[in-house]
Amino acid sequence: MSRPQKMAGFTLVELMIVVALLVIFATIALPSFSYLIKTNRTQSAASELASLLQYARAEAVTRNVDITAAASSGAWTVSQGNTVLRQLDSQQSTLSILPATASVTFYPNGTASANTNIYICNDGDAATGYQLTVSVAGQVRLWPRGTSDAGEALGSCGS
C-alpha cells in the first residue's frame with residue numbers, strides 16, 4: 001500500500017516495534033541500574049560517617065576538650081559531655097553499620113581512644129561494603145569498596 005507523497009508519519013506497526021524494543025532495553029538495563037543505586041547509597045553513607053568522625057576529631061582539637069562519637073539505635077551522635085553537636089541517622093533499613101554500639105573518643109591532641117573498625121554494608125553484602133578505620137593516632141580512613149585494611153576482600157560484613 002503506497003502513501004501519498006505529502007503524508008508523513010509512522011504507521012501503528014512501526015510505532016509498536018519501537019515500543020517493544022524500548023521495553024526490551026529497559027528490562028535489560030533495570031537490574032544494573034538498581035545495583036548502581038544500591039552501591040551509591042552505601043558509598044554515600046560510608047562517606048558521611050567518615051566525615052562525621054573527622055568532624056568529631058576537628059572539634060576535639062578546636063575546642064580543646066574530649067569529643068565522643070558513638071552509635072546507638074542506628075544513629076551516630078557526636079557529643080561533648082551531654083551536649084549533642086551533630087547526629088547522623090541511618091539512611092535506610094537495609095543499610096547496616098557494624099558494630100551497632102561502637103564508640104570513639106577523640107582527645108584535644110587529635111588522638112583517639114582506641115583502634116576501631118566500622119563496617120558499612122547494604123543487605124549484608126560485603127562485596128559492596130566499606131570498612132572505615134579509626135587509628136589511635138586519630139586518622140579516619142575509608143577503604144575502597146569491598147576491601148579491608150589488609151588489602152584483602154571483605155569476608156563478610158563485620159568480620
**Q** Are L98 and C121 close enough that some pair of their side-chain heavy atoms sits under 4.5 Å apart?
**A** no
**Q** What is the distance from atom CZ of R57 to atom OG1 of T62, rounded to the nearest 0.5 Å?
**A** 11.0 Å
**Q** I want to check something: taking the side chain as every heavy atom from C-beta on, are L132 and V134 in contact at a cut-off of under 4.5 Å?
**A** yes
**Q** Please name the pair of heavy atoms, one in A75 and one in Q87, separated by the smallest distance, quoted to 0.1 Å.
**A**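 Smallest heavy-atom distance, with atoms named: CB-NE2, 3.6 Å.
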**Q** Using a 3.5 Å distance criterion without hydrogens, assess whether the side chain of S47 forms a donor-acceptor pair with backbone atoms of Q43.
**A**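 Yes, the answer is positive, given that a donor and an acceptor are paired below the 3.5 Å cut-off.
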**Q** Test: salt bridge (Lys or Arg N to Asp or Glu O under 4.0 Å). Region: residues 124-141. Which pairs qualify, not counting sequence neighbours?
**A**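 Listed by first then second residue: K38-D125.
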**Q** Can you name the closest pair of heavy atoms from A69 and L53 and give their distance?
**A**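 Nearest heavy atoms, A69 then L53: CB-CD2, 3.6 Å.
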**Q** Nearest 0.5 Å, what's the CD1-OG1 distance between I120 and T128?
**A** 11.5 Å
**Q** Not counting sequence neighbours, list each pair that qualifies as a salt bridge (Lys or Arg N to Asp or Glu O under 4.0 Å) and has a residue in residues 143-154.
**A** none
**Q** Can you give me the closest heavy-atom contact between D66 and P108, atom names plus distance?
**A** OD1-CD, 3.2 Å
**Q** Which pair of heavy atoms, one from P99 and one from N117, lies closest together, and at what distance?
**A**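 Between these two residues, the closest heavy atoms are CD-O, 3.5 Å.
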**Q** What residues, two or more places apart in sequence or in another chain, satisfy side chain to side chain contact (heavy atoms under 4.5 Å, CB included) together with A126?
**A** L154
**Q** Each residue besides Y107 in its hydrophobic cluster should be listed here, by chain and number; the cluster joins Ile, Leu, Val, Met, Phe, Trp and Tyr at side-chain heavy-atom distances under 4.5 Å.
**A** none
**Q** If you define the side chain from C-beta out and look only at heavy atoms, does anything of L88 sit under 4.5 Å from Y55?
**A** no
**Q** Under 3.5 Å, sequence neighbours excluded: what are the donor-acceptor pairs made by side chains of residues 77-84?
**A**
{"unit_1": "Q80", "atom_1": "OE1", "unit_2": "R63", "atom_2": "NH1", "d": "3.1"}

**Q** Under 4.5 Å between side-chain heavy atoms, chaining through other members, with only Ile, Leu, Val, Met, Phe, Trp and Tyr counted: pull out the rest of the cluster around I28, sorted by chain and number.
**A**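 Other cluster members: I24.
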**Q** Is any side-chain heavy atom of I118 less than 4.5 Å from a side-chain heavy atom of I97?
**A** yes
**Q** Verify the cluster assignment for V65 and L52: are they in a single hydrophobic cluster under the rule of side-chain heavy atoms below 4.5 Å apart?
**A** yes
**Q** Could you state the interatomic distance from CZ (F25) to CG (L30), rounded to the nearest 0.5 Å?
**A** 15.0 Å
**Q** If you take all heavy atoms of W143 and Y130, which pair is closest and at what distance?
**A**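 Distance-wise, the nearest heavy atoms are O-CD2, 3.4 Å.
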**Q** Quick one: which of T39, I37, T42 gives a side chain to side chain contact (heavy atoms under 4.5 Å, CB included) with N122?
**A** T42
**Q** Out of curiosity, L49 CG to L142 CG, how far, rounded to the nearest 0.5 Å?
**A**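 Atom-to-atom, L49:CG and L142:CG are 8.5 Å apart.
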**Q** Quick check: do T101 and S72 have side-chain heavy atoms less than 4.5 Å from each other?
**A** no
**Q** Would you mind reporting whether V104 and V140 have side-chain heavy atoms less than 4.5 Å apart?
**A**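 Not in contact.
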